[in-house]
Amino acid sequence: MKIVMLNAATLPVYREELARLLIEANRTNASVGFPCVNGQREAEDAFQDLCPALSQNERLLWIARDEKGVIGTIQLILVHSPDLPHQAEVSTLLVSATARRRGVGRLLLRALENTAQNLRCTILSSDMKSGSDAEAFYRAQGYRCALLRQDFSRYSRKNEVVYYKQLLPFTSTSQSIF
């Protein structure tokens, strides 16, 4: 398995496979962060719509691939508010049903966290439905549930709970990805 960061130029190469992953996630109620789509074209358009944010480095996107193709994806939203300049949001972690329980989600999240740390992010957060499988996964990865969710405007989705993780301080040996 290989984890690859995509950009606006490389996204079209994988758009069809990502669309199939999104359709599967919607069919199994495992998709959060994308519109509910059932058609291939709609799903491809949902990923194509990410290109401007990818071009502006406001959003980063990774895929996990194996010999059969794309088996997972995750995004990092980097648009910061002035009062929280070192916070970023984990978004849209999707893993194919056939690849679950093989460490794909964990490897995607680690790649995202390493990049976020290199970009000097100190807090990552993700919102999700209370009681979902995602809660157990994020807890196992060292995320904690926020006590209160008072500022809904900071999050791309409007779900019930927020999990966060404090990252280690930036080290001078880290390199910029841009």
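From a predicted model like this one, the values you see are computed outputs, not experimental measurements. Position 1 is the first residue of the sequence, and the numbers go up from there.
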*Would you check, one step at a time, whether the test side-chain contact (heavy atoms from CB on, under 4.5 Å) holds for Phe47 with Leu22?*
CA-CA 9 Å; Phe47 280 99; Leu22 177 58; 3.9 Å; yes

*Check whether any side-chain heavy atom of Asp127 lies under 4.5 Å from a side-chain heavy atom of Val161, and answer yes or no.*
no

_Nearest heavy atoms of Ile71 and Leu21, plus distance in Å_ = O-CD1, 4.1 Å

*Give the intermediate values and the outcome of salt bridge (charged side-chain N to carboxylate O under 4.0 Å, His left out) for residues Glu16 and Arg20.*
CA-CA 6 Å; Glu16 184 178 322; Arg20 284 194 298 267; 3.0 Å; yes

*Please name the pair of heavy atoms, one in Ile3 and one in Ala111, separated by the smallest distance, quoted to 0.1 Å.*
CG2-CB, 3.8 Å

_Pairwise side-chain contact, Glu58 with Leu78, heavy-atom cut-off 4.5 Å (strictly under)_ = no

*asked:* Measuring centre to centre across the rings, with the benzene-like ring taken for any Trp, is Tyr163 within less than 6.0 Å of Tyr143?
replied: no

_Restricting to non-hydrogen atoms, name the atom on Arg59 and the atom on Leu54 that form the minimum distance, rounded to 0.1 Å._
O-CD2, 3.1 Å

*Tell me, with the steps shown, if Gln166 and Thr122 meet side chain to side chain donor-acceptor pair (under 3.5 Å).*
CA-CA 6 Å; Gln166 183 96 30; Thr122 56; 4.6 Å; no

_Over all atoms of both residues, closest heavy-atom pair of Ala64 and Leu108_ = N-CD2, 3.8 Å

*Work out which heavy atom in Gly105 is nearest to a heavy atom in Leu93; give both atom names and the distance.*
CA-CD1, 4.1 Å

*Considering only heavy atoms from C-beta outward, does the side chain of Gln75 approach that of Leu112 to under 4.5 Å?*
no

*What are the two closest non-hydrogen atoms of Glu24 and Arg100, and how far apart are they?*
OE2-NH2, 4.4 Å

*Would you say the side chain of Ser130 lies within less than 4.5 Å of the side chain of Glu135, judging by non-hydrogen atoms?*
yes

*Taking C-beta and beyond as the side chain, do Tyr14 and Thr73 meet within less than 4.5 Å on heavy atoms?*
no

*Does a side-chain heavy-atom distance below 4.5 Å link Leu18 with Leu11?*
yes

*Evaluate the side-chain proximity of Arg102 to Asp66: yes if any heavy-atom separation is below 4.5 Å, no if none is.*
yes

_Pair Leu61-Met5, side-chain contact (heavy atoms from CB on, under 4.5 Å): steps then yes or no_ = CA-CA 6 Å; Leu61 178 128; Met5 183 188 293; over 6 Å; no

*Is there a side-chain contact between Ile23 and Gln40, using heavy atoms and a 4.5 Å cut-off?*
yes

_Rounded distance (nearest 0.5 Å) linking atom OG1 of Thr115 with atom CG of Leu60_ = 7.0 Å

*The single option from Arg110, Arg106, Glu113, Lys165 passing side-chain hydrogen bond (donor to acceptor under 3.5 Å, both in side chains) against Gln141*: Arg110

*CG of Asn7: more than 12 outside heavy atoms within 6.0 angstrom?*
yes

